[in-house]
Amino acid sequence: QWAADVAVATEMPSSSGPGQGAASPSLVVTEAVNELSVDLDAVDAEGIARILRQTDAQLFSGYRHLEGVYECLETVEDVSRLFAECIAFTSRRSAGRGPCAVVLAGCGTSGRIAWFCCRAFNRALEAQGLPPVFRYLVAGGDIGLVLGGVAEDDPRKAERDLREVSRGCESVVVVGITCGLSAPYVGGLLEFAGRSPGVLERSGRQEQQQQQQQ
């Protein structure tokens, strides 16, 4: 499904004319030229600030056929509810049951955002006397937090990483962070989690049972 979503995102009509640039249909929208910023290198500091303000506004108003942030509020509310349920479950879980985990994952800058959010969220939980539930994954491992150019094209590695970071968990909420869903690492991770939602839970329970037997 994630591959189909990428295909939809690439259906951008070409534009032409002075100062309009060209949007290649072979690029995901986040990798293509934005017509508003094609002259970014030819304006002064004030002009750059104005252009950036206009492009930021597109996050809320939408871009061409793509929805803006306000059209995604219902989805954001659904995700927030899952986070709250995971925190509540982990806080009141009975003996012998593993925690719930929220896994944020991404490549490059998106992976750094995942790490930053997990650290901030867990600190906020601990400040309230609640157990941390947020875990992160970044393509290429922790080295990807400080170095660029780490491979993003291994969806099977994402599956292995997700199994590892979810070890011992009763249930897992998976969130992929990606601009255009163009990173196969994130796409593969979401595809695996959506294709076999019970696998991670069974794996966590089996590990807990083995630990109890030992």
Side-chain angles (χ1 to χ4, degrees), residues 1-83 102-118 120-121 136-140 144-145 148-155 158 173-194:
Q1 180 61 44
W2 72 272
D5 291 338
V6 170
V8 172
T10 60
E11 294 176 0
M12 299 174 54
S14 299
S15 58
S16 58
Q20 294 299 311
S24 169
S26 64
L27 294 176
V28 215
V29 63
T30 54
E31 306 297 325
V33 174
N34 188 326
E35 297 89 337
L36 293 178
S37 59
V38 290
D39 295 324
L40 188 65
D41 60 337
V43 297
D44 58 14
E46 181 180 349
I48 292 175
R50 290 182 181 278
I51 289 174
L52 294 180
R53 183 175 64 180
Q54 292 174 338
T55 55
D56 285 348
Q58 290 176 319
L59 295 173
F60 301 93
S61 62
Y63 177 71
R64 296 189 175 179
H65 63 285
L66 301 177
E67 296 180 339
V69 171
Y70 289 126
E71 283 68 44
C72 303
L73 289 181
E74 185 175 344
T75 300
V76 173
E77 291 176 355
D78 291 341
V79 172
S80 299
R81 187 179 65 255
L82 287 174
F83 287 3
V102 176
V103 178
L104 308 183
C107 303
T109 299
S110 296
R112 297 178 192 108
I113 292 174
W115 170 81
F116 180 83
C117 289
C118 286
F121 293 163
Y136 72 90
L137 286 176
V138 56
L145 294 173
V150 178
E152 303 179 3
D153 58 352
D154 192 348
V173 177
V174 181
V175 179
I177 303 175
T178 173
C179 289
L181 204 56
S182 55
Y185 181 89
V186 176
L189 180 143
L190 294 176
E191 184 177 25
F192 167 67

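The basis for the numbers below is simple: all heavy atoms, side chains too, and nothing from hydrogens, waters or symmetry mates. Counting from 1, the numbers follow the sequence of the chain as shown.
Proximity of Val174 to Leu190: side-chain heavy atoms (C-beta onward) are separated by under 4.5 Å at one or more points.
Note that CD of Glu71 is 9.0 Å distant from OG of Ser61, once rounded to the nearest 0.5 Å. Rounded to the nearest 0.5 angstrom, Leu73 CG and Asp78 CG are separated by 11.0 Å. Note that the OH atom of Tyr185 and the CG atom of Leu137 stand 4.5 Å from one another [nearest 0.5 Å].
Identified under the salt bridge (charged side-chain N to carboxylate O under 4.0 Å, His left out) test for residues 44-61, with sequence neighbours left out: Glu46-Arg50. Contacts classified as ring-ring contact (aromatic ring centres under 6.0 Å, His included) and involving residues 32-61 (residues at least two apart or in different chains) are given here: Phe60-Tyr70.
Residues satisfying the side chain to side chain contact (heavy atoms under 4.5 Å, CB included) criterion with Leu59, sequence neighbours excluded, are Val69. Checked against ring-ring contact (aromatic ring centres under 6.0 Å, His included), Phe83 has the following partners two or more places apart in sequence or in another chain: Phe134. For Thr55, the side chain to side chain contact (heavy atoms under 4.5 Å, CB included) partners are Asn34, Leu36, Ile51, Leu52, Gln58, not counting sequence neighbours.
When all heavy atoms of Ala105 and Ala114 are compared, the closest pair comes out as N-CB, 4.0 Å. Heavy-atom minimum distance, Cys107 versus Val186: SG-CG2, 4.0 Å. When all heavy atoms are compared, the tightest approach of Thr178 to Ala183 is OG1-N, 4.3 Å. Residue Ile177 comes nearest to Ser110 through the heavy atom pair O-CB, 3.2 Å, listed as atom of the first residue, atom of the second, then distance.
Remark: the backbone N or O of Gly106 is not paired with any side-chain donor or acceptor of Arg112 at under 3.5 angstrom.
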